[in-house]
Structure formats: C-alpha cells, structure tokens
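Throughout, protein chains are lettered first and strands after them, A, B, ... in sequence-line order, and every chain is numbered starting at 1. Heavy atoms only: backbone and side chains are in, while hydrogens, waters and symmetry mates are out.
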Amino acid sequence: MSKKLVALCACPMGLAHTFMAAQSLEKAAKELGYEVKVETQGADGIQNELTLKDIKEADIIIHAVAVTPLDPDRFEGYDVHEITLQQAIKNAKSIIQEIEESIK
Amino acid sequence: MEKQTSKGSKAWKEFNKHVMTGISYMIPVLIMGGLIGAFSQMIPYVFLKIDPSTSIVDAVNSGNFSGASLAFLKLSHIMESFGFTLFSFAIPMFAAFTANSIGGKTALAAGFIGGYVANKPIALLSLTEGKWAPKAPVASGFLGAILIAFMVGYFVKWLNKKIQLPHNWLAFKATFLIPLLAALFTMVAMVFVVTPFGGWVNTLIKSGLQAAGKAGQIVYSIVLAAATAFDLGGPVNKAAGFVALGFTTEKILPITARCIAIVTPSFGLGLSTLIDRKLVRRRVYDKQFYEAGKTAIFLAFMGISEGSIPFALERPAFVIPLYVVGSVFGALVAVVLGAVQWFPESAIWAWPLVSKLGIYILGLIVGAVFIAVINVLYRNKLINEGKLVVDGDE
C-alpha cells in the first residue's frame, strides 16, 4: 500500500500561483514516493476535485492557500496542514518532509 | 521560511486570508463591469471622436448624430449605465465574501448588505430650517466595507458558537434567530459606528491629501508603484491595491501609478527577451524564457502581472529591485506629466479611460525600456565574467 498525499491549491486570482504550487507539490510528493492528487481552485473553477474517498485515504492533507477554499466541509475532522503558496512553490519537498516529521 | 510561531503573525495570516477571499470574488465583478464600462466609453470617445468633456446624453441631444451613429450612442448609454451598475456591486461583493470566509452563509448575506450601505449610506432624518428631512451622510466606502465584513463575520461566528439550543430548535436558530440578530447588528453598526467613523476618516484623508497637493500625490505614486510591482500579484501587491482602490473609488486620488506598475515589469522583462540579440548580439536567457517573455507581454496587455514570475524566481536579488525601480520610474513619468486614470484596471481595454493616454503610454515605455536594457546589459556582463551560463546559444 503506497502512501497517499492530497493537496488543495487556491490563490486570489487563480491564474498563476495556484498552478505553480500544484505543480511543485505534485513533483515533490512523487519524488518522496507518494501517490498524489492535487485539486486546484483557479479562475477555471475546481479542477481535479478531491473526493471524500481521496481525503479519507490520504496520509497527508495539505492546503496551499491564500484564500478560504470552496467546499471546506469535506475536510472536517481531518488533520489539514495549511501552508502558504510561497512555501509550496519554493520548498515543497522540505515542507512535506517537515510534515512527515511532525506526524511521526 | 515563515513559521507560525508568534500569535500575531497567525492573526495577520487569518486576516489576510479573509481579505484575499473577498478580493478574489470581487475581481470578476470589476472585470465584467470594467469591460462593459470601457466599451461604453470607447464608442463615443474613440470611434465617434466626441470630445471627452461631453457626456453621452449631451452628445445625443446635440443633434449632430443620426442613423447608425445615433444608435451606437444609445447603445453606449445603455452599456455605460449597465457597466457602472455592475461596478457598484464590487464593494458589496467584497464584503459579502470576506464575511462568508469568516462566518459562513448568514454572514455572507449580512456582509453584502453592509457593503452596499457602505457605498450608499442610509439617509438619516435631520433638522434643516425647521423641517425634518432625510439626509445621506458621507459614505464610508471601502474602509466601511472591510470593517463591517469583519464585524459581522465574527459576530455570526460567535453567535453560532454561543447559542446552543436543543436539536429540535436548530431550524429556529438557523432561519430566524441568527439572521435577525445579524441583520439588526449590521443595521446598527452601519448607521451608528461604521458610516460615521469611515466617513470621518475618508474626509480626513481627502482633506489631508488635498492639503499636501502635488507633493503628496507624488509620494503616494512612488509608494503605490513600488508596493504594486514588488511581488507581482502577491500579498503586498494586493494590499496596495486594496488601499488604492479605496482612494480611487472615493475619487480622492487616482490609481494611475498602480495601473502602470502592474504591467511595467512584464512589459520590461518581456521586452528584454526580444531585444537581447540586437543589443548585445547574444541570448542572455535560457531557451524557455523566450516563450515566457512573449507570454508576459501578452498578459501585460490583459492587465495581469503574473507573467513576470519566472524571471523574478530565476534571479530575484537583481530582478525584483530592478523592476520595482523601473515601475516607480515609469509611474512617475506618467503622473508628473499629468496622465490620470481613475479606473482600477490596467488592461489595454481600459486605456481609453485614461486622460492624456499618450503620456500614460510614454510612462509605460520609459519603465519597460529601463528594465529591459538594464537587465540585458547586466546579464551580458555576468556571461562575460563567466558567472552565468545560458543553454541553447546560437
């Protein structure tokens, strides 16, 4: 059973930062051996939406957001790690490792 | 990296997130209203070459237009009214979704009406010449919207937490009690606290800036341009936009410097990818930057600054100060020589709304060329010194 990481990215304009963060998290998570799914809430609406099943199965849930995401009730009761978009874009890998440390 | 160690920074982060959420829902309204509004101005003042000091209604009444041009004038009048009606919903939309971000659906409704009243204050009865008549106070505007959004957002959140009723009473709580309390709270807060305070602050700022005159305007332009350019659509930019939007919608200070600073970095850095081979006879960027450069220029015409991000990430220590200085420089040229833009949008379709558009464009060109030439020369110097290697040299 592989480890699973799900993330949600959202920025005010939904043009650039959202997708840069998503890309960077996806790449870092894959390098660290995760099965990964990243939802983006950009100007084109919700893409790659995380289902309740995704969230339930995930070992790590990350929100890389600068705004309050849509449909936040899905995550109720789960441990959500909220980071900034800048952290996701620049240091995705070390942030994921930091989270791994904290939940060990 | 930032860490959430201190309580202060966490509260600031929360605040920022709610404000950004509100802004993100306000932006489509600004774009829609702005587009329709801008087209409505282009028909008479650009295509029909009517003098900008003549209103559309006066132009129709002048009798100089008939047939197709008269029909177009009537259409532009409809578009003007529609566009600016849409536009007036920007602030209510902002307040609604900021409050929603804090307190959920009930707060959304209360925030919306709060934002609307911030724009159009409730008239109070006042005694003039022995007769009571309704009189509207000075609007609290953007400042009022942000205050009421936070007040009502946290109020609703607090009510939901504090009022604990048995389960069968849930409907009563959700459909009667909390909406009633939220609406009453919004009314009282808007009439007796937010409007007087916000109106007072707005009047104060307005008279202060008018007293400072030209010098005040120039200092404002420098700070606004620098903050706007700094992080290319990031939080500093948005915070600056927030303040500037308040000033421009209250007609206190125009937003010219910001409009120029939004797009100057992208025009400049994009331009640098076009001129490097002519200027120093070699490529100074890796291959993928030439695509990024064209995208940046295209996005700049759309009034979007994010196209410059790849350039800023690649060599931030030099590029960020460079485009900040370039943007301030360009903004100053435009502002000092008298270009004025009240409309908070820098995309090309808003250009017809600028007074002295030639000077505005001159400011853009000065800023962009400054950034492009210096960055190309600097990178060329680094390459010559062996400190920078670019791939795919022809």
Side-chain angles (χ1 to χ4, degrees), chain A residues 7-25 27-28 39-47 62-76 79-103, chain B residues 1-4 9-10 12-28 30-31 94 97-105 107-108 153 231-239 241-242 262 266 292 295-296 298-299 302-314 316:
Chain A
L8 186 161
C9 300
C11 67
M13 287 295 284
L15 291 172
H17 291 93
T18 298
F19 301 101
M20 288 163 75
Q23 226 172 30
S24 151
L25 279 172
K27 185 163 160 271
E39 170 177 326
T40 54
Q41 297 188 355
D44 55 351
I46 297 183
Q47 300 291 332
I62 292 178
H63 280 185
V65 292
V67 298
T68 304
L70 296 168
D71 203 1
D73 301 346
R74 285 175 288 174
F75 299 95
E76 218 150 89
D79 214 2
V80 175
H81 300 273
E82 194 173 315
I83 62 174
T84 66
L85 289 157
Q86 279 72 21
Q87 285 171 323
I89 293 168
K90 286 184 192 148
N91 300 354
K93 205 166 170 179
S94 57
I95 288 285
I96 295 174
Q97 284 166 333
E98 238 172 72
I99 294 172
E100 281 176 335
E101 282 300 316
S102 71
I103 59 176
Chain B
M1 277 328 321
E2 354 172 318
K3 286 252 193 291
Q4 295 178 35
S9 82
K10 194 161 179 237
W12 168 246
K13 235 178 111 179
E14 277 295 309
F15 171 81
N16 219 15
K17 192 165 125 183
H18 298 315
V19 170
M20 284 302 147
T21 307
I23 289 180
S24 76
Y25 283 94
M26 177 181 70
I27 287 169
L30 287 181
I31 294 176
F94 163 80
F97 281 94
T98 304
N100 180 49
S101 173
I102 302 167
K105 281 185 194 121
L108 182 141
D231 58 354
L232 304 170
V236 178
N237 171 305
K238 291 291 183 292
F242 199 68
I262 286 174
S266 294
T295 311
F298 174 74
L299 288 178
M302 302 289 108
I304 294 162
S305 55
E306 271 86 341
S308 297
I309 290 174
F311 295 89
L313 286 178
E314 195 231 8

Please look at L299(B) and chain A and tell me whether the side chain, the backbone, both or neither of the residue comes under 4.5 angstrom of a heavy atom of that chain.
neither
Give, as side chain, backbone, both or neither, the part of I23(B) having an atom under 4.5 angstrom from any heavy atom of chain A.
neither
Just verifying a value: how many Å separate T84(A) OG1 and N16(B) CG, rounded to the nearest 0.5 Å?
11.0 Å
Tell me whether E82(A) is salt-bridged to K17(B), with the criterion being a basic N under 4.0 Å from an acidic carboxylate O.
yes
Report yes if some heavy atom in the side chain of V65(A) is under 4.5 Å from a heavy atom in the side chain of M20(B); otherwise report no.
no
For E100(A), I'd like to know if atom CD has over 12 heavy atoms of other residues, nucleotides or ligands within 6.0 Å.
yes
Heavy-atom closest contact (L313(B) atom, I89(A) atom, distance)
CD1-CG2, 4.4 Å
How close do S24(B) and P12(A) get, counting heavy atoms only, and between which atoms?
CB-O, 3.0 Å
Sub-3.5 Å donor-acceptor pair from the side chain of T21(B) to the main-chain atoms of T68(A), do we have one?
yes
Is the shortest heavy-atom distance from the side chain of H18(B) to the side chain of V67(A) under 4.5 Å?
no
Given that the side chain runs from C-beta out, which part of F97(B) has a heavy atom under 4.5 Å from chain A: side chain, backbone, both or neither?
neither
